[in-house]
Amino acid sequence: MSKRQVVIVSGARTPFVKAFAEYTSLDTIDLGTIAVNGLLQKTGINKAEIQALYWGGVVLPSAYPNIAREIAIDTGLPRSADSFTVSRACTSGLLSITLAHSAIERGDIDVAIAGGGDSTSSAEVSLPQKLTKTIAPLVMSKKTTPMDWLAVASQINPITDILPRPPRIVERSTGQLMGESAEDMAKRNAISQLEQDQFALRSHQNAARAIKTGRLAEEIIPVDFKKAKKVYSDGIVRGDVTLRKLSSLKPVFAKDGTLTAGNSSPLTDGAACVLLMSLEKAKSLGLKPLAKIRSFDYVGVDPFDQLLIGPAISMPQALKKAGMSLQDIDLVDIHEAFAAQVLSVMKALASKSFAEKKLGMDKAVGEIDTNKLNIHGGSISLGHPFAATGARMAYTMANELSKNGKETALLGVCAAGGLGAAAVLEAV
């Protein structure tokens, strides 16, 4: 069977705000529902046309792990619509899009919504394992007596065994915080704090300009909910930040480190999604495509080596699949988990040695022209709701290709566990 052409026709996202701020009363299902409803309203598409919802999530609620299904029900999508949740750390939003793309390309479905979101504010706080395993048999049993509870109480230390522990973004394999891994990358690749701060400054300036010109406003669905003020735009961008202010911030992951709160992405709440369909279906519905996905690639790297270097491998491999080189790309969008991580990826792409050892190439992939890179800011300035970021990037770049006569865009996303992802978008 010949493959069908798949197109992105629209997208939507909530404003991104810091965790424990305006969205504290909302969970990840609420945010996803807002984004999907906004997309449906924006396009005017009949809900009956939606055959699937593929949704990314990282901070998943234990009671409702398949948040895609909950969002589909809450938004009134057809009960027959397939809906499943994708969880691949920070690449989850992009993976949901490429999974939908593949399903449409095969002819399994014609129309899908794909994206992702996270409410870091709703992250569940875990009880110590000893307490959980001690009381679980009592909680699950209908025969538990008061004496059973008294017996268990005598086994529990009221301080070490009862106090909840805050969630930490720690690698199970290495035991390191992601920021600690990024610190190692900064040292290994000789990236100074000044370079990181300059990158962060540029991210904020680009995002602030995109907000001022209204470029990002057209992609955002204002959030309005009870007992809170309406949120119109991203709340993390600081257009007035200076290099002096950034350089004055203290390191947060190591005493002699270079990573600060200013050159790292903050904990964020938000959701983003896109509408995909076959080109034939778009024509029949009178919808104008924004872009198509020409290729994509997913990789794993050794988490004990450079945890967040994955995009330096997945991006060249996506280019190869597309039959293109870096020089053919008009726009590049790389997820900014940390400035050190993006700068490390850029150094790797420009390195002949890296290309030889990791890619089996006889020359470097090439240097990224910073005038083409993250032109509307990135995760440092806009924020990073883990599973929403890939979808945000895909929609913003698809929109840019449609609006400004550009032909191609290359996306790169790093993720916990030593994972990477990339996609090449092309104008239609």
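Please read all numbers here as calculations on a predicted model, not as lab measurements.
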Trainee: Would H335 and C414 count as a side-chain contact (heavy atoms from CB on, under 4.5 Å) here? Give the steps.
Mentor: CA-CA 7 Å; H335 162 46; C414 67; 3.8 Å; yes

Trainee: Considering all heavy atoms of both residues, which atom of V413 and which atom of L94 are nearest to each other, and what is their separation?
Mentor: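 V413 and L94 have their closest heavy atoms at CG2-CD2, 4.3 Å.
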
Trainee: Give a yes or no on whether the backbone of Q5 and the side-chain of K292 come within a donor-acceptor separation of less than 3.5 Å.
Mentor: no

Trainee: Are R69 and D74 close enough for a salt bridge, meaning some N to O gap below 4.0 Å?
Mentor: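 No, R69 and D74 are not salt-bridged.
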
Trainee: Any donor-acceptor pair under 3.5 Å linking the side-chain atoms of Q193 with those of T260?
Mentor: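 There is no such pair between these side chains.
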
Trainee: Do E336 and S203 have side-chain heavy atoms sitting under 4.5 Å apart?
Mentor: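 A side-chain contact exists here, since the closest heavy-atom pair is under 4.5 Å.
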
Trainee: What pair of heavy atoms forms the shortest contact from G390 to I97, and how long is it?
Mentor: O-CD1, 4.5 Å

Trainee: Under 3.5 Å, is there a donor-acceptor pair between the side chain of R202 and the main chain of T370?
Mentor: yes

Trainee: Would you call the rings of F338 and F253 parallel, tilted or perpendicular if under 30° counts as parallel and over 60° as perpendicular?
Mentor: perpendicular

Trainee: Is the shortest side-chain heavy-atom distance between D333 and E400 below 4.5 Å?
Mentor: no

Trainee: Dump the intermediate steps for salt bridge (Lys or Arg N to Asp or Glu O under 4.0 Å) on E356 and K363, then the final yes or no.
Mentor: CA-CA 7 Å; E356 291 173 341; K363 64 178 181 179; over 6 Å; no

Trainee: Run V231 and Y23 through side-chain contact (heavy atoms from CB on, under 4.5 Å) and show every step you take.
Mentor: CA-CA 9 Å; V231 181; Y23 296 164; 3.9 Å; yes

Trainee: Check S295 against A318 and note the closest heavy-atom contact, atom names and distance.
Mentor: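 Nearest pair, atom of S295 first, then A318: OG-O, 2.6 Å.
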
Trainee: Do any pairs count as a salt bridge (Lys or Arg N to Asp or Glu O under 4.0 Å) and have a residue in residues 314-323, sequence neighbours left out, and if so which ones?
Mentor: D297-K321

Trainee: Does P385 reach the side chain of T120, with side-chain heavy atoms less than 4.5 Å apart?
Mentor: no

Trainee: For V241 versus L201, what's the shortest heavy-atom pair and its separation?
Mentor: O-CD1, 3.3 Å

Trainee: Side chains of T396 and N399: is there a donor and an acceptor less than 3.5 Å apart?
Mentor: no

Trainee: Between the main-chain N or O of T43 and the side-chain N or O of S10, is there a donor-acceptor pair closer than 3.5 Å?
Mentor: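 A pair under 3.5 Å: no.
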
Trainee: Spell out, as yes or no, whether a donor-acceptor pair under 3.5 Å connects the side chain of S351 to the backbone of A348.
Mentor: no

Trainee: Looking at side-chain heavy atoms only, is the closest gap between T258 and I191 below 4.5 Å?
Mentor: no

Trainee: Just so I know, are the side chains of I236 and S381 near enough to count as touching, which here means a heavy-atom distance under 4.5 Å?
Mentor: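 Not touching, per the 4.5 Å side-chain cut-off.
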
Trainee: Is the side chain of S96 donor-acceptor paired with the backbone N or O of G115 at a distance under 3.5 Å, no angle test?
Mentor: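 Yes, S96 side chain to G115 backbone: donor-acceptor pair under 3.5 Å.
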
Trainee: Pair V299, L419 - check side-chain contact (heavy atoms from CB on, under 4.5 Å), show working.
Mentor: CA-CA 6 Å; V299 302; L419 298 174; over 6 Å; no

Trainee: Please check if atom NZ in K372 has more than 12 non-hydrogen atoms from other residues, nucleotides or ligands closer than 6.0 Å.
Mentor: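 It does: K372 NZ has more than 12 such atoms within range.
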
Trainee: Should the pair D108-R4 be classified as a salt bridge under the 4.0 Å nitrogen-to-oxygen rule?
Mentor: no

Trainee: Keeping the roles fixed (side chain from S102, backbone from T98), state whether a donor-acceptor pair exists under 3.5 Å.
Mentor: yes

Trainee: With a 4.5 Å cut-off on side-chain heavy atoms, are K406 and M397 touching?
Mentor: no

Trainee: Can you check whether L216 reaches L382 side chain to side chain, under 4.5 Å on heavy atoms?
Mentor: yes

Trainee: Verify, without hydrogens or angle tests, whether S121 (side chain) and T24 (backbone) share a donor-acceptor contact under 3.5 angstrom.
Mentor: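 Pair absent, no side-chain N/O of S121 close to backbone of T24.
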
Trainee: Do L275 and M277 have side chains that get closer than 4.5 Å, going by heavy atoms?
Mentor: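 Yes, side chains in contact.
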
Trainee: Is it true that the NZ or CZ of R392 lies under 6.0 Å from the centre of Y395's six-membered ring and within 45 degrees of the ring axis?
Mentor: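 No.
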
Trainee: Begin from the C-alpha positions of V7 and L276 and carry the test side-chain contact (heavy atoms from CB on, under 4.5 Å) through to its verdict.
Mentor: CA-CA 6 Å; V7 293; L276 301 101; over 6 Å; no

Trainee: Under a 3.5 Å cutoff, is there a donor and acceptor pairing between the side chains of D27 and S119?
Mentor: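 Judged by distance alone, the side chains do not pair up.
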
Trainee: Could you state the interatomic distance from CG (D82) to CD1 (I50), rounded to the nearest 0.5 Å?
Mentor: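 Output value for this atom pair is 13.0 Å.
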
Trainee: What pair of heavy atoms forms the shortest contact from W55 to G32, and how long is it?
Mentor: CZ2-CA, 3.6 Å

Trainee: Would you kindly say whether Q176 and S181 are connected by a side-chain donor-acceptor distance under 3.5 Å?
Mentor: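 On atom types as modelled, these side chains qualify, holding a pair under 3.5 Å.
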
Trainee: Does any N or O in the side chain of D330 come within less than 3.5 Å of the main-chain N or O of E407, such that one atom is a donor and the other an acceptor?
Mentor: yes

Trainee: Quick one: ring pair (Phe, Tyr, Trp, His ring centres under 6.0 Å) pairs with a partner in residues 63-90, sequence neighbours left out?
Mentor: Y54-F84

Trainee: Are any of the side-chain nitrogens in K18 or E22 under 4.0 Å away from the carboxylate oxygens of its partner?
Mentor: no

Trainee: Give, for atom CG of L95 and atom CZ of R88, the distance between the pair rounded to the nearest 0.5 Å.
Mentor: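 One gets 6.5 Å once the value is rounded to the nearest 0.5 Å.
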
Trainee: Run through K347, Q306, Q341 and flag the one making a side-chain hydrogen bond (donor to acceptor under 3.5 Å, both in side chains) with N189.
Mentor: Q306

Trainee: Using a distance-only test with no angle check, is there a side-chain donor-acceptor pair under 3.5 angstrom linking N37 and T75?
Mentor: no

Trainee: Applying the side-chain contact (heavy atoms from CB on, under 4.5 Å) test to Q196, which of L343, L246, I380, V342 qualifies?
Mentor: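 That would be L343.
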
Trainee: Ignoring hydrogens, what is the shortest heavy-atom contact between A391 and V274? Give both atom names and the distance.
Mentor: O-CG1, 4.3 Å

Trainee: If I take atom CG from residue L60 and atom CG from residue D118, how far apart are they, to the nearest 0.5 angstrom?
Mentor: 7.0 Å

Trainee: So does T85 get a backbone contact from the side chain of N66, meaning a donor-acceptor N/O pair under 3.5 Å?
Mentor: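 Judged by distance alone, yes, a pair lies under 3.5 Å.
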
Trainee: Do any N or O atoms from the side chain of D234 and from the backbone of G383 form a donor-acceptor pair under 3.5 angstrom?
Mentor: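 Absent.
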
Trainee: Roughly how far apart are L279 CG and I104 CD1, rounded to 0.5 Å?
Mentor: 11.5 Å

